[in-house]
Amino acid sequence: MPLYLPHFNLQNYNTLASPVCADFFVSVKDEEELQAAIKFAKEKNFPLLVLGGGSNIVLHENFPGLAIHVQLLGKELVREDDEFYYVKAAAGENWSDFVDYCLDEGFFGLENLSLIPGNVGAAPIQNIGAYGVELKDVFSELSAVDVKSGLSITFTPESCQFGYRDSVFKNALLDQFIITSVTFKLGKKPNLNIQYPALQAALVGYSPQEITPELVSQVVCDIRRSKLPDPKQIPNVGSFFKNPIITPSKLVELQQTYPDIVSYPVDETRVKLAAGWLIDRAGWKGRELEATVHAEQALVLTNPKRLKGTAVLALASAIKEAILLKFGVELEQEPRNYP
Ligand code: FAD
Ligand code: NAP
């Protein structure tokens, strides 16, 4: 039987180190314990807070319900064909350790996603992405428990409806499923994606033979360590805002005033702006209220005083207002607020 701990401080379970409490907390290690926890919450009419590594959530007040820490562990090669290995990992596996394991085993495709904090189970929620690769590029299927019926359901790539830092689990199926495992389709041979500018720059000087998946992973880790604060030292949740998507005509309008504005074409009707550039240009990089805009990367808001999430939300709100006023562009928050 899992243990239900009352009035539980979640400070060590979220990378913003927000010191808020859940009415109850439980850690589940297998599907049976997960089912029991869901039943416990239903009987008491408690809302659920599903916790992985807590690296993409903002806990701003006490959570009036049950926090379930998903700790299901295990990984296995489930099948293979001529080109691919299909590798299944339980939701509670640490993402970064799983990437390292795959590299060691010669399962290729995850190298650009090295060192992203959090657990496997949360990775499909926002279709994690970095350095030109997204989870959807290596995704085969996932299993999830339907909170209402208790049934385990398999989701294909199509049914996950992956988008840019987005999936069906953030939209139509919000809070309806708890992911228990994810299966990845990983190459038997390396198929490197090194087009991303920061990667290309870091790989200058290496011969094509020297550029292996291990090297790409190492370079990604080096770049990340140089720019991003380690949440253990300086609490943060990575990028606080998504990069805004605008129309090409809005870009032309902005370029009249800001010819150096950073943008990337998405398709014929959409352009992506670098939110970090907008925040920097509006003078917010390095600024401190109760929370702080990281000096190396303006897209990252930090909580060095380990205050409640409200401190970071106040800073985020001031930034959003400033960006709207200066550029006429609306920033959308990436991490989810609780409660
Ligand atoms: P949590 O924060 O615990 O949960 C996030 C959401 O998923 C919550 O709504 C939660 O309820 C839900 N959830 C968690 N587990 C499950 C489950 N098993 N079933 C159903 N729902 C679940 N993200 C990127 O995309 N790319 C990056 O490069 C990147 N870099 C980062 C760098 C830093 C320094 C930090 C702090 C964060 C970064 N992130 C990045 C954001 C974050 O790491 C990812 O979103 C990650 O997938 C979150 O995993 P987690 O286990 O911590 O999720
Ligand atoms: P960066 O290299 O300084 O680039 C700034 C932004 O420009 C990025 O957000 C990236 O968008 C975009 N970009 C750069 N080159 C691009 C290209 N050729 N095509 C399309 N878009 C391009 O970014 P960074 O902050 O150091 O982050 C590096 C990578 O890690 C990015 O992919 C970023 O998303 C990821 N990351 C994510 C988080 C998070 O919490 N979500 C935190 C840290 C890093 P994209 O974001 O769309 O890639």
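Atoms within each ligand, like the ligands themselves, are counted from 1 in listed order. Please read these numbers as outputs of a predicted model, since none were measured by experiment.
By the criterion of a heavy-atom distance under 4.0 Å, neither the backbone nor the side chain of Val262 is placed next to ligand 2. Contact annotation for Trp277 and ligand 2: no heavy atom of the residue comes within less than 4.0 Å of the ligand. For Leu228, every heavy-atom contact with ligand 2 shorter than 4.0 Å involves the side chain, none the backbone.
At the top of the distance list for atom 46 (C) of ligand 1, counting protein heavy atoms only, stands Pro117 O, 3.6 Å. Of the protein's non-hydrogen atoms, the one nearest atom 9 (O) of ligand 1 is Tyr338 OH, 2.7 Å. In this structure, atom 19 (N) of ligand 1 lies nearest to the protein heavy atom Ile179 N, 2.8 Å. Atom 40 (C) of ligand 1 has its closest protein heavy atom at Ile116 CG2, 3.8 Å. The shortest contact between atom 33 (C) of ligand 2 and any protein heavy atom is with Arg165 NH2, 3.9 Å. Summary of contacts: the protein heavy atom closest to atom 49 (O) of ligand 1 is Ala122 CB, 3.3 Å. Remark: minimum distance from atom 11 (O) of ligand 2 to any protein heavy atom is reached at Lys272 NZ, 3.0 Å. The protein heavy atom nearest to atom 38 (C) of ligand 2 is Ser239 OG, 3.0 Å. Remark: minimum distance from atom 32 (O) of ligand 2 to any protein heavy atom is reached at Tyr131 N, 3.1 Å. For atom 34 (C) of ligand 1, the nearest protein heavy atom (residue, atom name, distance) is Asn236 OD1, 3.5 Å. Among protein heavy atoms, the minimum distance from atom 13 (N) of ligand 1 is reached at Val50 O, 4.0 Å.
No close placement of the Tyr85 and Phe184 rings is indicated, their centers lying 6.0 Å or farther apart. Taking the six-membered ring for Trp and the full ring otherwise, Phe24 and Phe40 have centroids separated by under 6.0 Å.
With rounding to the nearest 0.5 angstrom, the OG atom of Ser159 is 7.0 Å from the CZ atom of Phe169. The CD1 atom of Ile245 sits 12.5 Å away from the OH atom of Tyr264 when rounded to the nearest 0.5 Å. Rounding to the nearest 0.5 Å gives a distance of 6.5 Å between CZ of Phe155 and CG of Leu142. Separating the CD atom in Gln195 from the CD atom in Gln200 is a distance of 5.5 Å, to the nearest 0.5 Å. Summarising the geometry, atom CG belonging to Leu16 is positioned 10.0 Å from atom OG belonging to Ser55; distances are rounded to the nearest 0.5 Å. The CG atom of Asp23 sits 11.0 Å away from atom CG of Leu49, with the distance rounded to the nearest 0.5 Å.
Among Val300, Ile57, Val133, Asn14, the residue whose heavy atom sits closest to atom 4 (O) of ligand 1 is Ile57. Distances from atom 17 (C) of ligand 2 to the heavy atoms of Tyr264, Phe241, Tyr164, Phe240 put Tyr264 nearest. With Ile125, Asp175, Ile128, Ile68 as candidates, the residue nearest to atom 6 (C) of ligand 1 on a non-hydrogen basis is Ile125. For the residues Gln71, Lys242, Gln126, the heavy atom positioned nearest atom 25 (O) of ligand 1 is part of Gln126. Across the listed options Glu334, Glu296, Lys242, Arg224, Arg224 owns the non-hydrogen atom lying nearest to atom 44 (C) of ligand 2. Across the listed options Gly129, Gly238, Gly53, Gly129 owns the non-hydrogen atom lying nearest to atom 27 (C) of ligand 1. Among Glu134, Lys227, Gln297, the residue whose heavy atom sits closest to atom 3 (O) of ligand 2 is Lys227.
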Worksheet item: For Glu296 and Lys227, what are the C-alpha separation, side-chain angles and deciding distance, and is it a salt bridge (Lys or Arg N to Asp or Glu O under 4.0 Å)?
Response: CA-CA 6 Å; Glu296 264 74 50; Lys227 290 179 86 168; over 6 Å; no
Fill in: Residues Thr183, Ser140; criterion side-chain hydrogen bond (donor to acceptor under 3.5 Å, both in side chains); working and verdict
CA-CA 5 Å; Thr183 303; Ser140 173; 5.7 Å; no
Discussion item. As a quick check of understanding, evaluate side-chain hydrogen bond (donor to acceptor under 3.5 Å, both in side chains) for Asn112 and Asn193, giving each step before the final call.
Written reply: CA-CA 8 Å; Asn112 297 39; Asn193 179 338; 4.6 Å; no
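A salt bridge does not link Lys242 to Glu334: none of the charged nitrogens lies less than 4.0 Å from a carboxylate oxygen.
Near Ala130, the atoms of ligand 2 lying under 4.0 angstrom from a non-hydrogen atom of the residue are 30 (O), 32 (O), 35 (C). Close contacts of ligand 1 with Phe177, meaning ligand atoms under 4.0 Å from a residue heavy atom, involve 20 (C). Every atom of ligand 1 is numbered from 1 in the order shown, and the set under 4.0 Å from a heavy atom of Gly54 is 1 (P), 2 (O), 3 (O), 50 (P), 52 (O). For ligand 1 and Ile178, the ligand atoms under 4.0 Å from any heavy atom of the residue are 19 (N), 20 (C). Interface of Asn119 with ligand 1, defined as ligand atoms under 4.0 Å from a residue heavy atom, comprises 49 (O), 50 (P), 51 (O). Set against the non-hydrogen atoms of Gly238, the atoms of ligand 2 under 4.0 Å away are 40 (O). Near Pro197, meaning under 4.0 Å from any of its heavy atoms, are these atoms of ligand 2: 15 (N), 18 (N).
Residues Phe240 and Gln333 form a side-chain contact, since some pair of their non-hydrogen atoms from C-beta on lies under 4.5 Å apart. A 4.5 Å side-chain heavy-atom check between Gln126 and Asn56 finds at least one atom pair inside the cut-off. Side-chain contact between Gln297 and His294: present, with at least one pair of heavy atoms (C-beta onward) separated by less than 4.5 Å. Counting heavy atoms from C-beta outward, Phe25 and Tyr13 have side chains that approach closer than 4.5 Å. Glu111 is not listed as a side-chain neighbour of Val220, based on a closest heavy-atom distance of 4.5 Å or more.
Taking all atoms of both residues into account, the shortest heavy-atom contact from Pro231 to Thr15 is CB-CB, 3.7 Å.
Where the criterion is an N or O separation shorter than 3.5 Å, residue side chain and backbone included, Asn56 meets it with respect to ligand 1. Backbone and side-chain nitrogen or oxygen atoms of Ser55 are examined, and one is located within less than 3.5 angstrom of a nitrogen or oxygen of ligand 1. Ligand 1 has a nitrogen or oxygen under 3.5 angstrom from a nitrogen or oxygen of Gly52. At under 3.5 Å, a nitrogen or oxygen of Tyr196, whether backbone or side chain, sits near a nitrogen or oxygen of ligand 2.
Remark: distances from the non-hydrogen atoms of Tyr131 to ligand 1 are all 4.0 Å or more. Residue contact check for ligand 2: Gln195 places no non-hydrogen atom closer than 4.0 Å to it. At least one heavy atom of Asn243 sits less than 4.0 Å from an atom of ligand 2. Note on ligand 1: Arg224 sits in its first shell, one or more heavy atoms being nearer than 4.0 Å.
No more than 12 heavy-atom neighbours from other residues, nucleotides or ligands sit within 6.0 angstrom of CD on Glu290.
For the pair Lys185 and Tyr86, the NZ or CZ position fails the cation-pi test of under 6.0 Å to the six-membered ring centre and within 45 degrees of the ring normal.
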